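Shown next, in structure tokens, is the structure this report addresses.
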Amino acid sequence: QVQLVESGGGLVQPGGSLRLSCAASGRTFSSYLMAWFRQAPGKAREFASGITWSGGRTYYADSVKGRFTISRDNAKNTVYLQMNSLKPEDTARYYCAASARRSWPKNIHEYDAWGQGTQVTVSS
């Protein structure tokens, strides 16, 4: 099973940018659908963005559409989340997730591996 390690979080001012990375172990990274979720204190974990096996299709939550960009580099076993125009409401712990399903996961329980998360705080 793939193992995931996120990095790139931190403190940023409103309007700023961050780039998150998720490094995966194993040789089968390209066979996984990949996604970023986030969880703010006291709230449920929510989908932020996802990408298919070769990166041909991407998905975004309405709250991040137009500001966040997901990408992947299968040669480096890494998925990225470029976050621009950050807002205080983007403050959350961001998690990378992998799914081995052949179609897009319908819920959070259909992901097979999770990272430990990286904290993003947007504040002046």
Side-chain angles (χ1 to χ4, degrees):
Q1 183 171 333
V2 66
Q3 294 184 326
L4 307 173
V5 178
E6 303 95 334
S7 62
L11 173 64
V12 63
Q13 292 187 342
S17 297
L18 281 175
R19 188 194 196 201
L20 305 184
S21 298
C22 172
S25 64
R27 299 181 180 179
T28 59
F29 175 72
S30 61
S31 67
Y32 286 89
L33 299 167
M34 299 298 298
W36 288 95
F37 285 76
R38 65 185 185 181
Q39 187 168 18
K43 294 188 177 182
R45 192 170 296 188
E46 64 175 10
F47 173 84
S49 183
I51 190 166
T52 53
W53 307 275
S54 61
R57 182 166 290 184
T58 57
Y59 303 89
Y60 298 95
D62 288 343
S63 57
V64 308
K65 199 172 294 183
R67 300 187 298 121
F68 290 11
T69 303
I70 190 171
S71 61
R72 66 189 296 165
D73 185 337
N74 288 341
K76 296 182 178 179
N77 282 11
T78 302
V79 61
Y80 305 97
L81 187 66
Q82 177 68 44
M83 305 186 297
N84 298 328
S85 303
L86 282 162
K87 305 175 181 180
E89 51 264 43
D90 294 317
T91 294
R93 192 163 185 85
Y94 283 70
Y95 297 88
C96 178
S99 175
R101 275 122 180 104
R102 295 294 91 195
S103 60
W104 196 259
K106 295 181 176 62
N107 58 63
I108 199 168
H109 304 294
E110 293 188 350
Y111 288 86
D112 302 293
W114 293 84
Q116 293 300 307
T118 185
Q119 180 66 34
V120 172
T121 302
V122 185
S123 175
S124 55

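Starting from 1, each residue takes its place in the sequence as its number. Quick caveat: nothing in here was measured; it's all calculated off a predicted structure.
Not one N or O on the side chain of Thr121 forms a donor-acceptor pair closer than 3.5 Å with the backbone of Leu11. Listed for the Thr91 side chain is a donor-acceptor partner under 3.5 Å among the backbone atoms of Val122. Not one N or O on the side chain of Glu46 forms a donor-acceptor pair closer than 3.5 Å with the backbone of Arg38. With hydrogens and angles disregarded, a donor-acceptor distance shorter than 3.5 Å links the side chain of Ser99 to the backbone of Glu110. Between the side chain of Gln1 and the backbone N or O of Asp112, at least one donor-acceptor pair lies under 3.5 Å. Side-chain atoms of Ser25 come within 3.5 Å of backbone N or O of Gln3 as a donor-acceptor pair. Put simply, the side chain of Arg93 gets close to the backbone of Gly117: a donor and an acceptor are under 3.5 Å apart. Thr78 contributes no side-chain N or O that, together with a main-chain N or O of Ala23, makes up a donor-acceptor pair within less than 3.5 Å. Not a single donor-acceptor pair under 3.5 Å links the side chain of Tyr94 to the backbone N or O of Leu81. A donor-acceptor contact shorter than 3.5 Å links the side chain of Arg72 to the backbone of Thr52.
Put simply, OH on Tyr111 and OH on Tyr32 are 14.0 Å apart, with the number rounded to the nearest 0.5 Å. In this structure, Arg19 CZ and Ser7 OG are separated by 9.5 Å, a value rounded to the nearest 0.5 Å. A distance of 9.5 Å separates NZ of Lys76 from OG of Ser21, quoted to the nearest 0.5 Å.
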Before you tell me yes or no, could you show the steps for Phe68 and Trp36 under ring pair (Phe, Tyr, Trp, His ring centres under 6.0 Å), namely the whole-Å CA-CA distance, both residues' side-chain angles and the distance that decides it to 0.1 Å? CA-CA 11 Å; Phe68 290 11; Trp36 288 95; 9.9 Å; no
For side chain to side chain contact (heavy atoms under 4.5 Å, CB included), just list the numbers for Thr118 and Leu20, CA-CA rounded to whole Å, side-chain angles, deciding distance to a tenth of an Å, and then say yes or no. CA-CA 8 Å; Thr118 185; Leu20 305 184; 4.0 Å; yes
Applying side chain to side chain contact (heavy atoms under 4.5 Å, CB included) to Leu86 and Leu18, what does each step give before you reach the verdict? CA-CA 8 Å; Leu86 282 162; Leu18 281 175; 4.2 Å; yes
Is there a side chain to side chain contact (heavy atoms under 4.5 Å, CB included) between Tyr80 and Thr69? Walk through the geometry before answering. CA-CA 8 Å; Tyr80 305 97; Thr69 303; over 6 Å; no
Chi angles and distances behind the side chain to side chain contact (heavy atoms under 4.5 Å, CB included) call for Leu4, Met34: CA-CA 10 Å; Leu4 307 173; Met34 299 298 298; 4.0 Å; yes
Ring pair (Phe, Tyr, Trp, His ring centres under 6.0 Å) between Tyr95 and Phe37, intermediate numbers included: CA-CA 5 Å; Tyr95 297 88; Phe37 285 76; 8.7 Å; no
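Remark: Arg101 CZ is packed, more than 12 non-hydrogen atoms of other residues, nucleotides or ligands lying under 6.0 Å away. Residue-environment remark: CD (Gln116) stays at or below the threshold of 12 foreign heavy atoms within 6.0 Å.
Checked for salt-bridge contact, Asp62 and Lys65 meet the test: a charged N lies under 4.0 Å from a carboxylate O.
Classified by interplanar angle (parallel below 30°, tilted 30° to 60°, perpendicular above 60°), the ring pair Trp104/Tyr59 is tilted.
Between Ile51 and Val79 the shortest side-chain heavy-atom distance falls below 4.5 Å. Within the 4.5 Å cutoff, side-chain heavy atoms of Leu33 are placed close to those of Pro105. Contact check for Ser30 versus Ser54: no side-chain heavy atoms found under the 4.5 Å cut-off.
Contact detail for Phe29 and Asp73: the closest heavy-atom pair is CE2-O, 4.1 Å. The two residues Thr28 and Ser31 have their closest heavy-atom pair at O-OG, 2.6 Å.
Of the N and O atoms on the side chains of Asn84 and Ser17, at least one donor lies less than 3.5 Å from an acceptor on the other residue.
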